[in-house]
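Taking it in order: structure first as structure tokens, then the write-up.
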4 protein chains.
Amino acid sequence: MFSTATQAVSNRVVAEVRRLQQIGAEFHARGWSLGTSSNYSVVVNREPLQILLTASGKDKSRLADDDFVLVDERGQCVEPGAPRPSAETMLHCVLARQPGVGAVLHTHSVWGTVLSDVFYRQGLLPIDGYEMLKGLAGVATHEHRAEIEIFENTQDIAGLASEVERRLDDAERPLRHAFLIRRHGLYTWGRDLEEARRHIEVLEFLFEVVGRTLGVTGLGLHLD
Amino acid sequence: MFSTATQAVSNRVVAEVRRLQQIGAEFHARGWSLGTSSNYSVVVNREPLQILLTASGKDKSRLADDDFVLVDERGQCVEPGAPRPSAETMLHCVLARQPGVGAVLHTHSVWGTVLSDVFYRQGLLPIDGYEMLKGLAGVATHEHRAEIEIFENTQDIAGLASEVERRLDDAERPLRHAFLIRRHGLYTWGRDLEEARRHIEVLEFLFEVVGRTLGVTGLGLHLD
Amino acid sequence: MFSTATQAVSNRVVAEVRRLQQIGAEFHARGWSLGTSSNYSVVVNREPLQILLTASGKDKSRLADDDFVLVDERGQCVEPGAPRPSAETMLHCVLARQPGVGAVLHTHSVWGTVLSDVFYRQGLLPIDGYEMLKGLAGVATHEHRAEIEIFENTQDIAGLASEVERRLDDAERPLRHAFLIRRHGLYTWGRDLEEARRHIEVLEFLFEVVGRTLGVTGLGLHLD
Amino acid sequence: MFSTATQAVSNRVVAEVRRLQQIGAEFHARGWSLGTSSNYSVVVNREPLQILLTASGKDKSRLADDDFVLVDERGQCVEPGAPRPSAETMLHCVLARQPGVGAVLHTHSVWGTVLSDVFYRQGLLPIDGYEMLKGLAGVATHEHRAEIEIFENTQDIAGLASEVERRLDDAERPLRHAFLIRRHGLYTWGRDLEEARRHIEVLEFLFEVVGRTLGVTGLGLHLD
């Protein structure tokens, strides 16, 4: 599909494919996208919405030029004969339809998976008072409390996508920056691919900090 | 043996040697094949069965072209004057004789070793409900419980190979995807080398998740 | 700004930019400068003081030639139209004004962040009796106790910079080698960039040793 | 000194310098030789004994051709004007004087440092029953108990070297393969550089296994 996409949506696709290949290799090396897990997407056209998305089940350490698909706002392949989009396509679509969202990254890290489980009964993972939080778009001070929602895992992706869509605009507790799926992984997004990548790095760092702090202190004990 | 093997079994051997060299460097870098530990094999001919196998005691970070041997279904070297096959050759043969098995990877990771010991008295390591389980061949939902059998370590590899062979077809609890040897390491397999490599990545990820979860929560405690 | 700076302050700037690009990639790979966190500086002229500093919010894995600014002793940009210096510029200036300080490195590591929080109520992180301490400038024996001061994090960088400046010359407990900011990161310095980089490596190593020792032993228990 | 050494002791020195540069970069990347810590040596001539040794205080990630010295059996520099040998030269000499020792590697890893402290009161670190033990020269079964002696750290290297020398031939409990210095690091050796490097990998792996097992199980608890 790569050569076709190049013609269809211009050089934008080529550039984003190259950058996603680098990011895939990077995330795989860090252990955040092992075993063909993870999927990544970038909005390459807004009207009509076209999303460049990693195809299902590809090795992220060496994404080939034809390991991507182009889908529309409902997750349907734009091109005939393209490889199957990821089962989680609808989650990408729901996020990409939001104003100001240009890229969505979904990863499976060890610490994200551990914390998505340990904090599941609380319903969210609180991350409070760290300087690194300022790496999240729109956060200007470390005196910020991120509350990363944790959804139960499901094979009903359409249902989860609807729930995520409703929660994005929730009056009381809107989803901001990211969410976790229990024992599964992290979704985050940004206005473009670089911002989404920065959010992954920021959140993975913070997950590891929270996890190791629990390991050192047990359930919150501090040295006096 | 490499030039001979090339002539004997065609370009297939060359391609698999190249890929095994890459995988060896990758696994060594991740710490899964340190100190000349580990051995890897690929079926390069089915009738008669010929298996390309890493020779004993080689540095996996830089496998040379002649660090491999070709063995038959009983683990005998196909070529005269070849380097000694690994002591664990018979485990590879037993697995490679199964229908649908095209590659076997054996690694020694820190988390696999730790868990093979901590869970030994239970007889198996249960891994339950993780999305990453879908990276194991034939698993279509995260609502899956992998039970990774743990065998006691032994220097009697022939005896262990017989036991493994019997258990592969066990009516009640057949071995699926992988097994651990206590304080030793992991064996996994796949229909080809890429699937076996994916299984290694999936299982190592899950071992680390299980190990770190224990580290954070102690023996199963969750935050409420 | 790079070509201008090159002309203005000579080949010194070029060499330091090249080395900072390498160090940025190295620290990013180790996870010490993720998510555009961290900033680095080198004194490129003493009279008048000119400091080469990473610009705010840059990806440390691939610092471009124009991701740096030149500032004077009060943190003002030497060149018109230069990118915004980091908010933490004043901390770099305060340190660079000290005699014998030629470079300042600020990083955000997981272990540094964890310990800055766990030891905060003690006011300092004690590191006592390790051979690696001899990697700190002027320390000639392992029988040394480093006391890494921990400051509360703040958005009032000017205030923190004043406090740090006062403490550098404190009669009773002068800051030596480094300090931590709570839930934020590490500042260290050296007579040149290589010494500052060595201090980062030494301190990050020791933070991990202290953190993992706590994880193994709990609050100080030793095996008898 | 490099060109002189090349002429003096033949191409052997050149080859060993190249390999030590690779090993230094590798160990630094793994975090076993940070902050200019560690020193490495290879016997390049037996009669009279000449030892190629890393000079003191060099960055192991990028050892230059002149970051090495040649010393004799008493640790004296063979060449005039050579850089200062490491303070720990005498430990290398004592080991290299043993029959069958061709290389000595000294590293500073996190897990080695942690365990050298946690097990210090026991006097040794026991490592028992792991398959990876077979990576130590002369160990043919996993049913082996390595007892890694732990010496108290000291600045009196001459005294420590004498003690080590005495213990190498100790009738009751001879040092085998390696020893630890408390809160300092690991010494291991081999008949050549590759064997010594394998010992480092094997021991570092086992240290991490022991350390993480303690972290998961506390002081020895196993799941039943």
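No experiment lies behind these values; they were computed from the predicted model shown. Reminder, nothing fancy here: chain letters follow the sequence lines and each chain counts from 1.
Taking OH of B:Y187 as the reference point, atom OG1 of B:T107 lies at 10.0 Å (rounded to 0.5 Å). Taking CH2 of D:W32 as the start and CG of D:L105 as the end, the distance is 10.5 Å to the nearest 0.5 Å. Expressed to the nearest 0.5 Å, how far CG of D:L70 lies from CG of D:N45 amounts to 9.5 Å. A distance of 3.5 Å separates CE in D:M132 from OG in B:S37, rounded to the nearest 0.5 Å. A distance of 9.0 Å separates OH in B:Y120 from CD1 in B:I150, rounded to the nearest 0.5 Å.
Contact between B:L133 and B:A146 at its shortest, heavy atoms only, is CD2-CB, 3.8 Å. Looking at every heavy atom in both residues, B:D169 comes nearest to B:Q98 through OD1-OE1, 4.0 Å. Nearest heavy-atom pair across D:P174 and D:L168 is CB-O, 3.7 Å. The two atoms that bring B:L20 and B:F68 nearest to each other are CD1-CE2, 3.7 Å, heavy atoms only.
For B:S61, the part sitting under 4.5 Å from any heavy atom of chain D is the side chain, from C-beta outward, and nothing else. Contacts between D:A140 and chain B at a heavy-atom distance below 4.5 Å involve the backbone alone (N, CA, C, O).
Between B:R176 and B:D170 there is no salt bridge, since none of the side-chain N atoms of the basic residue sits less than 4.0 Å from a carboxylate O of the acidic one.
Chain D is approached within less than 4.5 Å, heavy atom to heavy atom, by B:N153, B:T154, B:Q155 from residues 152-166 of chain B, ordered by number. Using a 4.5 Å heavy-atom cut-off against chain B, the contacting residues of residues 204-211 of chain D are D:F205, D:E208, D:V209. For residues 188-202 of chain D, a heavy-atom distance under 4.5 Å to chain B picks out D:E194, D:R197, D:R198, D:E201, D:V202, given by residue number.
Residues satisfying the side chain to side chain donor-acceptor pair (under 3.5 Å) test with B:S38, not counting sequence neighbours, are B:S33.
Atom CZ of D:R46 has more than 12 neighbouring heavy atoms from other residues, nucleotides or ligands inside a 6.0 Å radius.
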Test side chain to side chain contact (heavy atoms under 4.5 Å, CB included) on D:H184 and D:E88; report intermediate values, then the result.
CA-CA 12 Å; D:H184 178 154; D:E88 296 176 30; 3.2 Å; yes
B:S109 vs B:L186, side chain to side chain contact (heavy atoms under 4.5 Å, CB included): CA-CA, chis, key distance, verdict:
CA-CA 8 Å; B:S109 76; B:L186 170 69; over 6 Å; no
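Note: D:D128 leads D:D128, D:L203, D:L136 in heavy-atom pairs under 4.5 Å with chain B.
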